Amino acid sequence: MLLAIPCALALYASGAIAESLNVYHRLLVPDDRITPFSTRGTIEVSDATGLVFRPAESATRELKTWLAQTQDNPASFEQGFYQLAVQLRKQDGPEDWVFQSVRWCHVPISTTDVISLQKASDSGYYAFDYYVAPVPRDGSCPSGQAGNVANVLSNTTVALRDVNYPPVTILRRPVLLSETGEPIKPPVEKTFWQKYWVYIIGGVLVLLLAAPEPEDMQNRQRPAAR
């Protein structure tokens with residue numbers, strides 16, 4: 001029991017891993033069978049270190065093998081796609097993994113790749129973005145020899161992005177058309193007199209009818225006989 005207490009304190013101080021996400025990758029080449037995903041690494045999430053990517057030992061060897069297989073085949077090197085998949089939920093199978101693709105010819109020359117996770121406040125992770133950099137502005141494949149594939153794995157960054165809702169679109173009221181296709185003009189707004197003339201005249205008549213006659217006023221003003 002006494003030994004368990006220091007272990008628990010050391011685990012708390014170092015920042016226990018709250019969850020981990022498995023990352024997979026593969027190379028898709030035209031006119032070739034679809035290869036299954038293999039392990040690229042793991043994203044560890046903890047309160048102390050945040051998001052940390054731990055690459056698998058086999059990932060670098062696989063990238064170097066794919067590069068050697070495509071260097072002598074320009075069509076495969078330029079038309080191939082490098083796909084990255086993230087298992088966002090533990091219960092998801094390979095058919096449910098979310099994946100992103102980049103051109104394979106951009107991977108060997110890149111010095112950085114970024115995995116940007118998207119998380120909702122109430123439902124966990126639901127998507128991610130992936131890109132490599134630098135790449136040519138026009139998106140074309142570079143000419144010349146490819147760079148070192150290990151540069152990508154040694155500089156992988158994981159970021160977290162909150163869900164962003166698009167602004168509410170304010171639509172204009174549609175124009176009403178007549179049977180002939182011409183726009184229907186809105187009715188001309190009435191003036192104050194046109195709107196309330198009935199009430200004004202009615203009020204004046206009520207005041208006139210309620211006013212006492214002159215003779216009645218004189219009779220009221222005479223003193224009563226003693």
Side-chain angles (χ1 to χ4, degrees), residues 21 23-34 37 43 45 51 75 78-107 110 112-142 157-214 216-217:
L21 306 176
V23 182
Y24 304 90
H25 68 164
R26 69 180 176 187
L27 174 64
L28 290 183
V29 178
D31 302 330
D32 196 1
R33 65 182 180 87
I34 298 178
F37 283 103
I43 299 175
V45 184
L51 300 173
E78 296 179 1
Q79 299 177 14
F81 285 93
Y82 178 68
Q83 289 188 335
L84 195 82
V86 179
Q87 187 180 8
L88 300 177
R89 298 180 300 179
K90 293 295 184 182
Q91 65 272 22
D92 289 347
E95 65 278 0
D96 300 321
W97 294 346
V98 180
F99 64 88
Q100 297 288 345
S101 302
V102 296
R103 298 189 66 180
W104 169 243
C105 63
H106 293 161
V107 174
S110 301
T112 301
D113 65 335
V114 178
I115 304 173
S116 179
L117 296 173
Q118 300 179 19
K119 183 179 182 180
S121 57
D122 55 347
S123 59
Y125 303 101
Y126 67 95
F128 79 98
D129 293 326
Y130 178 71
Y131 64 89
V132 296
V135 296
R137 287 188 175 183
D138 57 357
S140 61
C141 289
T157 303
V158 183
L160 179 62
R161 188 176 67 181
D162 295 333
V163 58
N164 295 323
Y165 295 100
V168 179
T169 304
I170 302 177
L171 302 177
R172 297 182 60 184
R173 192 172 183 179
V175 179
L176 301 178
L177 302 178
S178 62
E179 297 180 355
T180 59
E182 298 179 356
I184 300 176
K185 296 181 179 180
V188 180
E189 186 177 359
K190 296 181 180 181
T191 61
F192 179 82
W193 172 254
Q194 291 174 337
K195 290 180 180 180
Y196 305 106
W197 67 271
V198 175
Y199 306 101
I200 295 175
I201 294 178
V204 172
L205 292 177
V206 170
L207 293 176
L208 293 176
L209 295 175
E213 296 291 337
D216 295 340
M217 293 293 295

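Note that the structure is a prediction, hence the values are computed from the model and not measured. Throughout, residue positions are numbered sequentially from 1 according to the sequence presented.
The local environment of CD in Glu95 is crowded, with over 12 non-hydrogen atoms from other residues, nucleotides or ligands closer than 6.0 Å. Heavy-atom neighbours of Ile34 CD1 from other residues, nucleotides or ligands within 6.0 Å: at or below the threshold of 12.
For the pair Glu189 and Lys195, the tightest heavy-atom approach, listed with the atom from each and the gap, is OE2-NZ, 3.7 Å. Taking each heavy atom of Ser110 and Pro134 in turn, the nearest pair found is OG-O, 3.7 Å. Heavy-atom minimum distance, Leu84 versus Phe128: O-CZ, 3.3 Å. Ser178 and Ile184 make their closest contact through N-CG1, 3.6 Å (heavy atoms, listed as atom of the first residue, atom of the second, distance). Counting all heavy atoms, side chain and backbone alike, Glu78 lies closest to Arg103 at O-NH2, 2.9 Å.
For the pair Trp104 and Leu28, the minimum side-chain heavy-atom distance is 4.5 Å or more. Taking the side chain as every heavy atom from C-beta outward, Phe37 and Gln83 approach each other to under 4.5 Å. Contact check for Leu117 versus Leu21: side-chain heavy atoms found under the 4.5 Å cut-off. Counting heavy atoms from C-beta on, the side chains of Gln79 and Cys105 never come closer than 4.5 Å.
Between Tyr131 and the options Asp113, Val114, Thr112, Ile115, a side chain to side chain contact (heavy atoms under 4.5 Å, CB included) holds for only Val114. Under the side chain to side chain contact (heavy atoms under 4.5 Å, CB included) rule, Val98 has a single partner from Leu88, Asp92, Val86, which is Leu88.
Rounding to the nearest 0.5 Å places CZ of Arg161 at 14.0 Å from OH of Tyr125. From Ser140, atom OG reaches atom NE2 of His106 across 6.0 Å, with rounding to the nearest 0.5 Å. Atom CG of Asp129 is separated from atom CD of Gln100 by 5.5 Å, given to the nearest 0.5 angstrom.
When atom types are taken as modelled, the side chain of Gln194 and the backbone of Trp197 share no donor-acceptor pair closer than 3.5 angstrom.
With respect to Asp96 and Arg89, no salt bridge is recorded, no charged nitrogen being found less than 4.0 Å from a carboxylate O.
Ring geometry for Tyr24 against Trp97 counts as parallel: the plane angle stays under 30°, on a 0 to 90° scale with 60° as the upper cut.
Residues passing the side chain to side chain donor-acceptor pair (under 3.5 Å) test with Tyr196: none are found, sequence neighbours excluded.
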